[in-house]
Amino acid sequence: MPIKRLDHYSIRTLDLDASLQFYTRIMGFTAGFRPPFDFPGHWLYNEEPYPSSNGVVHLIGIDPGDKEGLVKYLGDRSPETMSGGGAVDHMAFLATGVDDMRARLEKHRLPWRERDVPSLSILQLFLEDPSGVTIELNYPASEGPARQSPQQ
């Protein structure tokens with residue numbers, strides 16, 4: 001049985017609300033169905049809601065006062081490992097509407113960097129979520145050349 005596609009990625013976060021706001025307000029995902037796990041979290045969807053998909057990003061909240069449900073289900077992790085992507089460098093999404101994304105990033109004063117990849121005909125934006133996970137957004141090169149972020 002071949003692997004077909006990436007289903008979702010999960011982020012353990014010490015600030016569930018900030019992560020939820022980032023992925024809904026900046027990335028444009030929608031919070032939706034999530035099974036009743038014994039730990040806080042959100043499942044975020046793009047174009048295909050449940051039951052057609054299991055979401056794109058799963059946010060896993062860490063409740064320092066009650067970690068039992070999370071530890072029982074996924075195992076324990078040290079708080080020191082809750083920043084960045086560890087050995088994973090970044091997550092990438094195909095996207096359209098680069099001007100809209102730039103406007104959202106500027107409105108929320110979030111830094112980003114842009115790169116042109118002429119051989120692939122794409123324009124890339126790189127940004128970080130509240131947990132320090134790098135996200136790459138790939139836009140068609142026809143949406144314009146890369147420009148410098150005001151925060152760079």
**Prompt:** Between Phe126 and His90, what is the ring plane arrangement, given parallel below 30°, perpendicular above 60°, and tilted in between?
**Reply:** perpendicular
**Message:** Checking the side chain of Asp116 only, and the main-chain atoms of Ala146 only, is there a donor and an acceptor separated by less than 3.5 Å?
**Reply:** yes
**Request:** Just say parallel, tilted or perpendicular for the rings of Tyr23 and Phe29, cut-offs at 30° and 60°.
**Result:** parallel
**Shortest non-hydrogen separation from Gln124 to Asn138 and the atoms involved** = CG-OD1, 3.0 Å
**Asked** Is it true that atom CG of Asp66 has more than 12 heavy atoms of other residues, nucleotides or ligands lying nearer than 6.0 Å?
**Response** yes
**Complete:** All heavy atoms of Gly55 vs all of Ser53, minimum pair found to be N-OG, 3.1 Å
**Fill in**
CG of Asp76 to CG of Leu70, rounded to nearest 0.5 Å, is 7.5 Å
**Prompt:** Is a side-chain donor or acceptor of Asp129 paired with a backbone partner of Val133 at a separation under 3.5 angstrom?
**Reply:** yes
**Prompt:** Which atom pair, heavy atoms only, marks the closest approach of Gly144 to Leu123?
**Reply:** O-CD2, 3.4 Å
**Message:** Checking the side chain of Ser52 only, and the main-chain atoms of Glu48 only, is there a donor and an acceptor separated by less than 3.5 Å?
**Reply:** no
**Prompt:** With the 4.5 Å side-chain cut-off for hydrophobic clustering, are Leu20 and Leu16 part of the same group?
**Reply:** yes
**Message:** A side-chain contact here means heavy atoms from C-beta on lying under 4.5 Å apart; do Arg12 and Leu74 qualify?
**Reply:** yes
**Request:** For residues Asp15 and Phe22, determine if any side-chain heavy atom of one lies less than 4.5 Å from a side-chain heavy atom of the other.
**Result:** no
**Separation between NE2 of His42 and CD1 of Ile11, rounded to the nearest 0.5 Å** = 13.5 Å
**Prompt:** Is the backbone of Leu125 close enough, under 3.5 Å, to the side chain of Glu136 for a donor and an acceptor to pair up by distance?
**Reply:** no
**Request:** Give a yes or no answer on whether the side chain of Glu114 reaches the backbone of Arg147 with a donor-acceptor pair at less than 3.5 Å.
**Result:** yes
**Request:** Assess whether atom OH of Tyr73 is packed by more than 12 heavy atoms of other residues, nucleotides or ligands within 6.0 Å.
**Result:** no
**Message:** Under the criterion side-chain contact (heavy atoms from CB on, under 4.5 Å), I'd like the reasoning laid out for Lys67 against Phe39: C-alpha separation, chi angles, the key distance, then a yes or no.
**Reply:** CA-CA 7 Å; Lys67 295 185 346 181; Phe39 52 90; over 6 Å; no
**Request:** Give a yes or no on whether Leu137 and Tyr9 share a hydrophobic cluster (residues Ile, Leu, Val, Met, Phe, Trp, Tyr; joining criterion: side-chain heavy atoms under 4.5 Å apart).
**Result:** yes
**Prompt:** Taking side chain as C-beta onward, heavy atoms only, is Ser131 less than 4.5 Å from Ser19?
**Reply:** yes
**Prompt:** Roughly how far, to the nearest 0.5 Å, is the NZ atom of Lys72 from the CG atom of Asp38?
**Reply:** 7.5 Å
**Prompt:** Does NZ or CZ of Arg34 come closer than 6.0 Å to the centre of the six-membered ring of Tyr45, within 45° of the ring's axis?
**Reply:** no
**Item:** Side-chain touch Asp99/Met101, heavy atoms, less than 4.5 angstrom
**Value:** no
**Prompt:** For Leu105 and Leu127, which heavy atoms make the closest approach, and how far apart are they?
**Reply:** CD2-CD1, 3.9 Å
**Request:** Looking only at non-hydrogen atoms, find the nearest pair between Thr24 and Ala31 and report the distance.
**Result:** CG2-N, 4.4 Å
**Asked** Do Gln21 and His108 have side chains that get closer than 4.5 Å, going by heavy atoms?
**Response** no
**Item:** From Leu59, Val56, Thr30, residue fulfilling side chain to side chain contact (heavy atoms under 4.5 Å, CB included) relative to Leu44
**Value:** Leu59
**Item:** Residues, nucleotides or ligands: over 12 heavy atoms within 6.0 Å of Leu120 CG
**Value:** yes
**Message:** Do Met27 and Arg104 have side chains that approach each other closer than 4.5 Å (heavy atoms only, starting at C-beta)?
**Reply:** no
**Request:** Take the angle between the ring planes of His8 and Trp43 and call it parallel below 30°, perpendicular above 60°, tilted in between.
**Result:** parallel
